[in-house]
Amino acid sequence: MYLLAHVPYQAADNCYNSCTMPELPEVETVRIGLHQFLLGKQVKAVSFDWPKGFPNAASDVQGFLAGARILDVRRRAKVLLIDLDTAYSLVIHLKMTGQLVYKGDHERFGAGHPNDSLVGTLPDKSTRVTFDFTDGSQLFFNDQRKFGWVRLMPTVEVEHLDFFQRVGPEPLADTFTPKDFVTRIRRRPKSGIKAVLLDQTIVAGVGNIYSDESLWGAKIHPETKVADIADSQLEVLFKALQDILRLSIEKGGSTDRNYVNAEGKRGSYLTFAHVFRREGKPCPRCGTTILKIRAAGRGTHLCPNCQIKV
DNA sequence: CACTTGACCTGTCCGC
DNA sequence: TGCGGACAGGTCAAGT
């Protein structure tokens, strides 16, 4: 019997590859799953043939990954970190279509999990890396579009990666205050607010879904220039963003059958989205038809009545 | 420098 | 049924 490490993003069978792109809540859900499944496991072998996405030399993999035990699974922004007892870490970015799928643990999880059929087909043509553990379980890195990547590097060097040097604060960190949020957003006064939310150097982890959802929550048009938004409105936006991220993480944890069955598919945070991918449907707040436009180079969803462009 | 756009990939969907 | 083009839950390099 098998389990996905990120069950909520496996929607319908025919949606296997197109419904898995992660933002902060999705990556956090993957992290929680991997943390549960992988801690203490010992890597037996790694197979990969994907120099661009996993550029480490075979000798590094042999020396610091094969035989290593997994100490911890962490997340920063949308990046996953798997710490090994060799003082090396796997650094993984799923980008748009990356997946980490775990297969194993018959005793712990029992039979009949709804993801049996899916995981049973792995590895497949999108499998870029396969990790074999000494207990016979496996972890697959699948990535249809090959935007994602895996790196093996010394744990102490991870924080020195360019991305981690530049990335903004975690939006749900206790130490990150509404005032901090406003200050950082104001670093891009002439940009549209959606572009700023998507900028990982301002705030970490926000992507296309949660920018649209939080802007709807705060009743701000995605193309509004930051300079035209009052501090009080930015604070409302911060609250809306935190609420939607927390809600989504909570839903991501809803991997049980009931949730799956109730939706008729394998769970999706989209079932509670207010505007995302709901163009043509009524706004849950006012009933106006939801619009889809192009903003910050991305498909963008909004209520043209609630979210007036300044 | 601030800010926006194109490129990276593969697959799917939609209109002709 | 086939084909072209748009588009996709991200990020960085190159452009204005």
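What's counted below: heavy atoms across the whole structure, side chains too, no hydrogens, waters or symmetry copies. The chains referred to below are lettered A, B, ... by the order of the sequence lines, with proteins before strands, and numbering in each begins at 1.
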Compare side-chain N and O positions of A:H93 against OP1 and OP2 of C:dT11 and report whether any pair is under 4.0 Å apart. yes
Nearest-Å distance for atom pair CG/C1', residues A:L94 and B:dC9: 16 Å
Starting at atom CG of A:D143, determine the distance to atom C1' of C:dA8, rounded to an integer number of angstrom. 13 Å
Testing B:dC9, B:dT10, B:dT4 for proximity to the side chain of A:A195, the answer is B:dT4
From CA spacing to verdict: side chain to side chain donor-acceptor pair (under 3.5 Å), A:K194, A:T300: CA-CA 9 Å; A:K194 170 153 177 169; A:T300 298; 2.9 Å; yes
Nearest-nucleotide pick for A:Q200, side chain only, options being C:dC7, C:dT11, B:dG11: C:dT11
Residue matched to C:dG4 through Watson-Crick or wobble contacts both under 3.5 angstrom: B:dC14
Output side-chain donor-acceptor pairs under 3.5 Å for residues 54-69 of chain A, partner residues at least two apart or in another chain, one line each.
from  : atom 1 : to     : atom 2 : distance (Å)
A:N56 : OD1    : A:L152 : N      : 2.9
A:N56 : ND2    : A:L152 : O      : 2.7
A:R69 : NH1    : A:G40  : O      : 2.9
A:R69 : NH2    : A:Q42  : OE1    : 3.4

Of the candidate nucleotides C:dG10, C:dC12, C:dC7, which contains the atom at the shortest distance from the side chain of A:K292? C:dC7
Tell me which nucleotide among C:dT11, B:dT4, C:dC12 gets nearest to the side chain of A:K225. B:dT4
Does A:R285 make a cation-pi contact with A:W216 (under 6.0 Å, within 45 degrees of the axis)? yes
With a 4.5 Å heavy-atom cut-off, do A:V150 and A:L90 have their side chains touching? yes
Rounded distance in Å - CG (A:L161) to P (C:dT11): 14 Å
Nearest to the side chain of A:K52 - B:dC8, C:dG10, B:dG11? B:dC8
Among B:dG11, C:dG10, C:dC7, which is the nearest nucleotide to the side chain of A:K125? B:dG11
Atom NZ of A:K190 to atom C1' of B:dC1: distance rounded to whole Å? 9 Å
Quick one: label A:G297 by what it contacts on the DNA or RNA (base, sugar-phosphate, nothing), any heavy atom closer than 4.0 Å. nothing
Please report, rounded to the nearest Å, how far the P atom of C:dT11 is from the CD atom of A:Q165. 17 Å
Counting only side-chain nitrogens and oxygens, does A:R166 get under 4.0 Å of the OP1 or OP2 atom of C:dC12? yes
Identify which one of A:D212, A:I293, A:I220, A:I290 satisfies the side-chain contact (heavy atoms from CB on, under 4.5 Å) criterion when paired with A:L302. A:I293
For A:G148, answer base if it contacts any base atom (sugar-phosphate contacts may also be present), sugar-phosphate if it contacts only those atoms, and nothing otherwise; contact means non-hydrogen atoms under 4.0 Å. nothing
Whether the A:D180 and A:T177 side chains hold a donor-acceptor pair (N or O, under 3.5 Å, no angle test) is what I'd like checked. yes
Return yes if the base of C:dA8 and the side-chain atoms of A:R145 contain a donor-acceptor N/O pair under 3.5 Å, otherwise no. yes
Looking at B:dT10, I'd like to know if its phosphate oxygens (OP1 or OP2) sit under 4.0 Å from a side-chain N or O belonging to A:K146. yes
Given C:dG10, is OP1 or OP2 found less than 4.0 Å from the side-chain N or O atoms of A:K78? yes
Which of the following nucleotides, B:dT10, B:dC3, C:dC12, is nearest to the side chain of A:F163? C:dC12
Between C:dA14 and B:dC9, how far is it from one P atom to the other, in whole Å? 15 Å
Pick base, sugar-phosphate or nothing for A:R128, based on heavy-atom distances below 4.0 Å to the nucleic acid. nothing
Closest to the A:F147 side chain: B:dT4, B:dC8, C:dT11? B:dC8
Within this structure, what is the CD1-to-C1' distance between A:I293 and C:dA6, rounded to whole angstrom? 17 Å
For A:D231, is there an ion pair with A:R186 - N to carboxylate O distance below 4.0 angstrom? yes
Look at the side-chain N and O atoms of A:R298 and state whether any lies under 4.0 Å from the OP1 or OP2 oxygen of C:dA6. no
Is the phosphate of B:dT4 approached by A:S191 (side-chain N or O, under 4.0 Å from OP1 or OP2)? yes
Expressed as a whole number of angstroms, how long is the span from A:R277:CZ to C:dA6:P? 19 Å
Between B:dG6 and C:dA6, how many Å separate the two P atoms, rounded to a whole number? 12 Å
In this structure, how many angstroms lie between the P atom of B:dA2 and the CG atom of A:L198, rounded? 19 Å
